[in-house]
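Quick notes on the structure that follows.
Letters A, B, ... are given to chains in the order of the sequence lines, protein chains preceding strands, and every chain is numbered from 1. What's counted below: heavy atoms across the whole structure, side chains too, no hydrogens, waters or symmetry copies.
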Amino acid sequence: MPDTPSPSQPVVTRFAPSPTGELHIGGARTALFSWAYARRFNGRFLLRFEDTDQKRSSKQAELNILRDLDWLGLRADNHDDIPRQSQRLDLYNTATRKLLDMGLAYEDAGAVRLRMDQDVSFRDEVYGDITVKADELEDFVIRKAPEADGRTFPTFHLAVVVDDVHMGVTHVIRGQEHLSNTPKHARLYDALGHARPIWVHTPSIMNPDGSKMSKRDKAKTARNAAQQAGILQSPIDDPKRYEAFLNKDNDDLDIALHIASVLGVELPEIDVADFRQSGYLPAVLLNYIALLGWNPGDDIERFDLPFMAEHFGFDRINRKNAKFDRDKLAAFNQEALAALPPDEFATKLREHFAAFHTAFVERLGDGFATFAAMYQERSKTLDDPATLGRFFIDAPADYDDKAVKKNLTKNDGEGLAMLAAFAETIDAIEPWDTPTIQAGLESFTVDKQLKNIGGIAQPLRVAITGSAVSPPIDATLALLGQQEVKARIARCLETVHDQA
RNA sequence: GCCCCCUUCGUCUAGUGGCCCAGGACAUCGCCUUCUCAUGGCGCAAACAGGGGUUCGACUCCCCUAGGGGGUACCA
């Protein structure tokens, strides 16, 4: 593994989201890289909220971002005292004043612009040396026109530079979309007389179709679903807003969520919170997004936070935008879940279900650990058992046609006959536990001269789950309980006879 | 339109002039294990965007074309 040169000064990195929404997956990766680099060189990783856009910023968004960063394990070193730009207006005004006095900036319609009258060259650790000619640069606004109350807010450009200087940030790690802003920032550092930081721009994370991964994708998905399903009446109180939503005049998340729940469609995961709800482990998410644009070489793909804290460097960051591959994330997650000690898996599953599927926790009671064990190696996410094991909570509403034909009605109802015969033997199975049930099933197989245990297991699966799929039949029956099994068989015999 | 950046299997990538008729992972497909599903084991298929140079030799260096991304805001 190649070695990254040690920086000549103490490292200070930062993550500076604007609190206008949830923590985006791309932001999480920027935070991860910043965290890892700081840890690698025993530096500091700082957080800052960029709330110069007062109208769109909110306290709630700040809280959510903090919660997600904590969940990921990327706690900032200034966690207890996070600066907000809105509290530092003086700093920006002082800088603006200075620039004005030096004649490097000028007023324009209430705003203040910085002169960009010379070529700007800078170096980026990922993209290399970049030069932009003066005639391609415009004088840009560094301070917006005053608010009604007289306060003056800086633009993002002035604010980042002043703040990064103020916080002593040495390495600015951020998304590639900022690369073309960097000449402005470089000029600002120079004009203000401060040493420039080291810039590190990372490629973007894209959707599988190559489009940018954005919050709007949720609205897009919901809108398409609504239009396909032809839902005309509003799922929310405000029909006008709904109409506007359908007309793409707004991308209201609440409306998208409503549509999704009504139609049962899944919205794409975009924010860290989405991935948490989908049941991905934070360590796996981190591992996967790190791989989207960075790798340690030597074909190493599975690694954790400590590994990154030891090996992360800018020299192995790629320049190409990467498409997000959910299948690979899911595969990593499944592998990680399977590798967990059973009791730890059960604990995590219980926590997840307590948050998102309370019915299971209530209904399963003491059987929850058994349930967890059954699904540990069958789950790609902590959410999978909720769908795969739905039948433990709700008896099947109907029976899958194909499964019925193949396992029950085929050969003159051979499967149904086996089911009926087995129902007779159930009371004799005592105690009702996995080994005893297995023994009962085996002797039934011999008695009826079945080719193998599947001859009775499959009919049972259909009766119990409505489909041909379940965990091992003995354990499934055991957890479901003797009475419930009898009831479901009886109901299946009745219903399927009627169908045939 | 103009400016900047990018381009290896379907996807993420290894590769820094000969080790590469290109390696790994996920996905796909096939076989084995098996009461279903899933696990596990084994295996197949699959890429250097195109065209010019430079060089004894190019995936690696240079140029052009095409395609993709970003910017062009008193949003960040």
Ion pair check, Arg390(A) and Asp394(A), cut-off under 4.0 Å: yes
Closest to side chain of Glu136(A), choosing from C3(B), C35(B), A76(B): C3(B)
Spacing of Glu177(A) atom CD relative to C5(B) atom P, expressed in whole Å: 17 Å
Rounded distance (Å) that lies between atom C1' of G24(B) and atom CH2 of Trp294(A): 15 Å
Partner nucleotide, any strand, of U16(B) [Watson-Crick/G-U, under 3.5 Å]: none
Partners meeting side chain to side chain contact (heavy atoms under 4.5 Å, CB included) with Ser204(A) (sequence neighbours left out): Gln176(A), Glu177(A), Met206(A), Asn321(A)
Phosphate OP1/OP2 of U13(B): any Lys328(A) side-chain N/O under 4.0 Å: no
Phosphate-side-chain proximity, Lys144(A) and C75(B), N/O vs OP1/OP2 below 4.0 Å: yes
Distance test, side-chain N/O of Asn318(A) to OP1/OP2 of A14(B), below 4.0 Å: yes
Over-ring placement of Arg143(A) relative to Phe153(A), 6.0 Å and 45° cut-offs: no
Gap between atoms NE2 and C1', on His178(A) and U72(B) respectively (whole Å): 15 Å
Pair of N/O donor and acceptor under 3.5 Å linking G24(B) base with Glu301(A) side chain: yes
Asn321(A) side-chain N/O to G70(B) phosphate OP1/OP2 under 4.0 Å: no
Below 4.0 Å: OP1/OP2 of C12(B) and any side-chain N or O of Arg326(A): no
Donor-acceptor pair under 3.5 Å, Arg461(A) side chain vs C35(B) base: yes
Check: His311(A) ring centre within less than 6.0 Å of Phe307(A) ring centre: yes
Polar pair under 3.5 Å, donor/acceptor by atom type, side chain Arg319(A), base C6(B): no
Donor-acceptor under 3.5 Å (Asp164(A) side chain, Val169(A) main chain): no
Closest listed nucleotide, where the reference is the side chain of Ser180(A) and the choices are G71(B), G69(B), U13(B): G71(B)
Selected nucleotide, minimal atom distance to Lys323(A) side chain, candidates A27(B), G69(B), C12(B): C12(B)
